[in-house]
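Encoded as structure tokens, the structure appears first; notes follow it.
Chain naming here is simple, since letters A, B, ... match the order of the sequence lines and numbering starts at 1 in each. Predicted model only: the values in this text are computed from it and were never measured.
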Number of protein chains: 2
Amino acid sequence: MVHNLDVSLVCDLPPFMGMAEQEIADLLAQARAVRYPKGKNIFSQGEKAGNFFLLLDGHIQVVKLTQGGEQVVPRYMSPGELFGIARALRLDAYPASAVAAVDCVVLIWPNAIWDDLVGRHPAFATNTYRIIGQRLTETQQQLAELATAKVEQRVANAILKLAKQTGRRTDEGVLIDFPVSRQDISEMTGTTLHTVSRLLSAWEQAGWVRSGRRKITLVEGHKIVLVANGESGGAA
Amino acid sequence: MVHNLDVSLVCDLPPFMGMAEQEIADLLAQARAVRYPKGKNIFSQGEKAGNFFLLLDGHIQVVKLTQGGEQVVPRYMSPGELFGIARALRLDAYPASAVAAVDCVVLIWPNAIWDDLVGRHPAFATNTYRIIGQRLTETQQQLAELATAKVEQRVANAILKLAKQTGRRTDEGVLIDFPVSRQDISEMTGTTLHTVSRLLSAWEQAGWVRSGRRKITLVEGHKIVLVANGESGGAA
DNA sequence: GGGGGATTTTGCGGTTGCGCAACCAGTAGA
DNA sequence: TCTACTGGTTGCGCAACCGCAAAATCCCCC
């Protein structure tokens, strides 16, 4: 099914750690590669889970809709990450939506092969559950932060997380490597785009960041770390 | 190891669905039952995960400590629930603490038997991962709620959840069956005990709840549901 | 080069809910 | 019965953050 994919492209990714080349090749043979343009929904919350995915290139935004119809963004994903693995947790439907934040390339497997897969490749099963454990821990961490930290800290943390995940060094500083709007950040931190805008403006005044249309560059990351830890009075 | 435990006591619990009596008996034979008095820590966040647990009787409070040293309570657990199953997700340490909210009886297994266990009893593995999936979904739900709903709604939701989980009908209404302080509820909802107290007072004025020292009774649950959905102006 | 839409900035109240502090009320133990 | 203590209530002031609205930019597409 996949013709132009080589084992060497994926064998170092966390989901495949500890697997033999032949095992990985078998796996790839059952996948199909699909390209999603920026903004496209890969799957939607509540949709019956029929496939699972591996992000090869690009960045994906996980979107959760609340009862009240508002959007929350619990996380972004980077190349090499498995997603949509509802089957691993015996969920019948996807618990959130996945949206391409930029043009993405994705490997897709049908859920039908999941059980056989984890049975035949214990290393893959182990890796998968480790990933889920990390995500659960991270989600709980975020819950705790949202419950206790103030807006300023949460926004700082969100930006730092994005920069760490996807940061690319430029001559100005660390650039977040895909378009993030104020709205996006507000949905990550449970606030409004206005407040995010004001905070970023203040930090830009102070020379800690440079930001523009869907673009944020960390200039003085350590200052933002201070804000995230609540050890700074903000940029007054 | 366990002498006075009968298979019939646990065979209907979700973790053991689909398992043969003999399988369950094997499992029980490897467990030891321990009683924890109210307030006792069963395990602590960050502690090396050496065991996993099943709550037989009582209620357990899951406590997460933030970087800033504040406490958050992501969930309570009821009899029949597995907990401390860090091993299932390949976590080396417990990601949160477990505290007995009342006197509890708990079954304990060493993590050493985990891998063998899930290998030998596929139904148990399936059940476990289903539980984890439910918890992850629930945690994400809570994250979304915390990010978007206002304090009033969050407190109402927390109380409803507790009542649904552990509610006992009395002649006054539905009583939450273990001691919950204002502080506890504030830690579940990311607010202060003051605000919780004010809200409960208001609802008591309105006749929707009756509450006292570590005790809450829902009198008019439907009113609280309205508050939780943001369809009520509160008790003005 | 010129719209037009999307994104961001900014001002100005208005609430909400926090923080502090004092006081009250059950409960447990002596 | 008295006393210490934990947990709950309440008043008051204030800062943080939201909400609305309008203006300013920027980018994309024609």
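- For the pair B/Ala86 and B/Tyr94, the tightest heavy-atom approach, listed with the atom from each and the gap, is CB-CD2, 4.3 Å.
- Under the 4.0 Å criterion applied to side-chain N and carboxylate O atoms, A/Arg210 and A/Glu204 are assigned as salt-bridge partners.
- Other residues, nucleotides and ligands place more than 12 heavy atoms under 6.0 Å from the NZ atom of A/Lys215.
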Margin query: Between B/Ser181 and B/Arg213, does the side chain to side chain donor-acceptor pair (under 3.5 Å) criterion hold? Intermediate values first, please.
Written below: CA-CA 7 Å; B/Ser181 70; B/Arg213 194 183 187 71; over 6 Å; no

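- Under the 4.0 Å criterion applied to side-chain N and carboxylate O atoms, A/Lys38 and A/Asp103 are not assigned as salt-bridge partners.
- Taking a cutoff of 4.0 Å between a charged side-chain nitrogen and a carboxylate oxygen, A/Glu231 and A/Lys223 do not qualify as a salt bridge.
- At its two ends the helix from C/dG1-D/dC30 to C/dA30-D/dT1 runs along axes set 40° apart, each axis drawn from five pairs and the angle rounded to 10°.
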Can you pull every protein N or O that's under 3.5 Å from an N or O on nucleotides 6-8 of chain C?
residue	atom	partner	partner atom	Å
C/dA6	N3	A/Arg213	NH2	3.1
C/dT7	OP1	A/Arg214	NE	3.3
C/dT7	OP1	A/Arg214	NH2	3.0
C/dT7	O4'	A/Arg213	NH1	3.4
C/dT7	O4'	A/Arg213	NH2	3.3
C/dT8	OP1	A/Arg214	N	3.0
C/dT8	OP2	A/Arg182	N	3.1

Distances under 3.5 Å only, N/O to N/O: pair up the protein atoms with those of nucleotides 18-22 of chain D.
residue	atom	partner	partner atom	Å
D/dC18	OP1	A/Thr191	OG1	2.7
D/dC18	OP2	A/Thr191	OG1	2.8
D/dC18	OP2	A/Thr195	OG1	2.3
D/dG19	O6	A/Arg198	NH2	2.9
D/dA21	N6	A/His194	NE2	3.4

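- B/Leu146 has its CG atom 14 Å from the C1' atom of C/dG17, to the nearest Å.
- Distance B/Arg210 CZ to C/dG26 P: 11 Å, rounded to the nearest Å.
- No more than 12 heavy atoms of other residues, nucleotides or ligands lie within 6.0 Å of CD in B/Gln67, so this atom counts as exposed by the packing criterion.
- One can place CD of B/Glu152 at 15 Å from P of C/dT15, the figure rounded to the nearest angstrom.
- For the pair B/Lys161 and B/Glu138, the salt-bridge criterion is met [side-chain N within less than 4.0 Å of a carboxylate O].
- From B/His59, atom NE2 reaches atom OG of B/Ser78 across 5.0 Å, with rounding to the nearest 0.5 Å.
- The nearest whole Å value for the distance from the CD1 atom in A/Ile185 to the P atom in D/dC17 is 16 Å.
- Computed from coordinates, the A/Leu199 CG to C/dT10 C1' distance equals 14 Å when rounded to whole Å.
- Closest of all the heavy-atom pairs between A/Leu54 and A/Pro15 is CD1-CG, 4.2 Å.
- Under the 4.0 Å criterion applied to side-chain N and carboxylate O atoms, A/Glu81 and A/Arg135 are assigned as salt-bridge partners.
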